[in-house]
Number of protein chains: 2
Amino acid sequence: MAKTEAADPLSRVFSALSDPIRRDMVSRLAGADATVNELAEPYRVSVQAVSKHLKVLEGAGLVSRSRDAQRRPVHLEADVFDLMTKWIERYRRQAEDRYRRLDDLLESMSDDVEQTHPTSHPATGAQT
Amino acid sequence: MAKTEAADPLSRVFSALSDPIRRDMVSRLAGADATVNELAEPYRVSVQAVSKHLKVLEGAGLVSRSRDAQRRPVHLEADVFDLMTKWIERYRRQAEDRYRRLDDLLESMSDDVEQTHPTSHPATGAQT
DNA sequence: TCTGTTGTCAACCATTTGGTTGAGAACAGG
DNA sequence: CCTGTTCTCAACCAAATGGTTGACAACAGA
């Protein structure tokens with residue numbers, strides 16, 4: 001289930017980067033654009049397999065392809081990283097805030113005995 | 001292919017977050033710890049399915065579970081986010097540097113005609 | 001025009017994934 | 001001790017994933 005074509009952008013990006021080969025291709029493309037054959041060379045898989053991987057990366061918006069005769073130079077689109085970074089940062093910050101709040105609570109409990117309702121925050125909100 | 005158990009940590013984290021339900025659970029756990037039933041409540045899937053999702057998140061190190069009688073409170077482990085963030089930042093920065101270098105090149109080409117071997121960088125290096 | 005290079009598409013296959021149901025373990029509270 | 005709640009495990013299923021091979025389109029160069 002979860003058809004790749006229908007999946008939301010964030011899912012596609014995370015999914016695309018969940019494969020080591022694809023991650024390695026991204027890391028190499030960060031250095032320089034490359035053709036499919038160049039990309040395929042280090043791996044022990046067929047060019048066709050690499051072509052498929054590229055289709056996944058392209059579907060996630062991580063990569064774009066131009067034309068140069070029979071070549072299809074592959075180019076890294078760094079912008080999409082922001083999607084992930086924003087998602088990650090949001091929840092990391094949220095989690096850290098929570099730890100801070102917990103620290104504060106523990107702190108206040110040690111030098112103050114005045115806590116009437118210790119855990120009354122509904123908090124959360126949870127929109128993906 | 002690509003057995004989840006054998007996969008590298010980064011692959012497991014990205015893979016874990018490639019599912020919308022799992023991402024939503026993470027976002028809710030950032031607000032507060034929760035039991036399996038509490039986590040399952042908003043979704044139209046069985047508790048067993050959620051249990052499986054949690055196993056994936058746990059396998060990725062994103063989540064830990066303690067005991068409280070028959071409850072298994074789930075707790076978000078924010079540290080693992082750093083793994084991803086570092087990976088992402090590395091290649092985003094690299095890509096941005098490259099654009100800057102390209103800008104510099106284009107700049108120098110417009111007011112200087114002295115380029116002897118335009119594309120001599122072996123560059124890349126590619127370690128995931 | 002013929003040949004080699006580069007890349008995609010299609011069909012196929014094994015494994016993984018995400019879901020289901022059914023059974024049962026572990027515990028709390030009558 | 002019985003009952004209900006919480007949760008996991010096992011078996012099963014359909015669809016997605018990642019790989020293969022074979023065919024072929026598109027182009028460069030001889």
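These numbers were taken from a predicted model, which means no experiment stands behind them. In what follows, every chain begins at residue 1, and chains take the letters A, B, ... in the order their sequences are listed.
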For B:R72 and D:dC7, what is the distance between atoms CZ and P respectively, to the nearest whole Å?
-> 9 Å

Quickly work out the A:M25 CE to D:dG18 C1' distance and round it to whole Å.
-> 12 Å

Residue-phosphate contact under 4.0 Å: B:R65 side-chain N/O, D:dC7 OP1/OP2 | no

For A:S64, side-chain hydrogen bond (donor to acceptor under 3.5 Å, both in side chains) partners two or more places apart | A:E77

For A:S18 against B:F14, the heavy-atom pair lying closest together = CA-CB, 3.6 Å

Counterpart residues, salt bridge (charged side-chain N to carboxylate O under 4.0 Å, His left out), relative to A:R92 (two or more places apart) | A:E89, B:D82

B:D68 has an atom CG; how far is it from atom P of D:dT8, in whole Å?
-> 13 Å

Please identify each residue that fulfils side-chain hydrogen bond (donor to acceptor under 3.5 Å, both in side chains) with B:R65, with sequence neighbours left out.
-> B:E58

Send over the distance from A:K55 NZ to D:dA16 P, rounded to a whole Å.
-> 14 Å

Within residues 35-46 of chain A: residues closer than 4.0 Å to DNA chain D (heavy atoms) = A:R44, A:V45, A:S46

Tell me, do A:V56 and A:D19 make a side-chain contact under 4.5 Å, heavy atoms counted?
-> no

Between B:D8 and A:R23, is the closest basic N to carboxylate O distance under 4.0 Å?
-> yes

DNA chain D: A:V47 or B:S51, which has the more 5' nearest nucleotide?
-> B:S51

Acceptor/donor pairs from residues 38-49 of chain B side chains to any protein atom, 3.5 angstrom cut, sequence neighbours excluded:
from: B:E38; atom 1: OE1; to: B:T35; atom 2: N; distance (Å): 3.0
from: B:Y43; atom 1: OH; to: B:D24; atom 2: OD2; distance (Å): 2.6
from: B:Y43; atom 1: OH; to: B:R28; atom 2: NH1; distance (Å): 2.9
from: B:S46; atom 1: OG; to: B:A49; atom 2: N; distance (Å): 3.2

Distance in angstrom units between B:R22 CZ and C:dG18 C1', rounded | 8 Å

Heavy atoms of A:V80 and A:A60 approach each other most closely as CG1-O, 3.6 Å

Taking NZ from B:K52 and P from D:dT8, how many angstroms apart are they, rounded to a whole number?
-> 13 Å

Would you indicate whether the side-chain heavy atoms of A:V26 and A:F81 approach each other to under 4.5 Å?
-> yes

Can you check nucleotides 23-30 of chain C for protein contacts, nitrogen or oxygen pairs under 3.5 Å, and list what you find?
from: C:dC27; atom 1: O2; to: B:Q70; atom 2: NE2; distance (Å): 3.0

Answer yes or no: does a side-chain N or O of A:R71 lie under 4.0 Å from OP1 or OP2 of D:dA28?
-> no

Below 4.0 angstrom from OP1 or OP2 of D:dT17, is there any side-chain N or O of A:H53?
-> no

Between B:D19 (CG) and D:dA15 (P), how many Å, whole number?
-> 18 Å

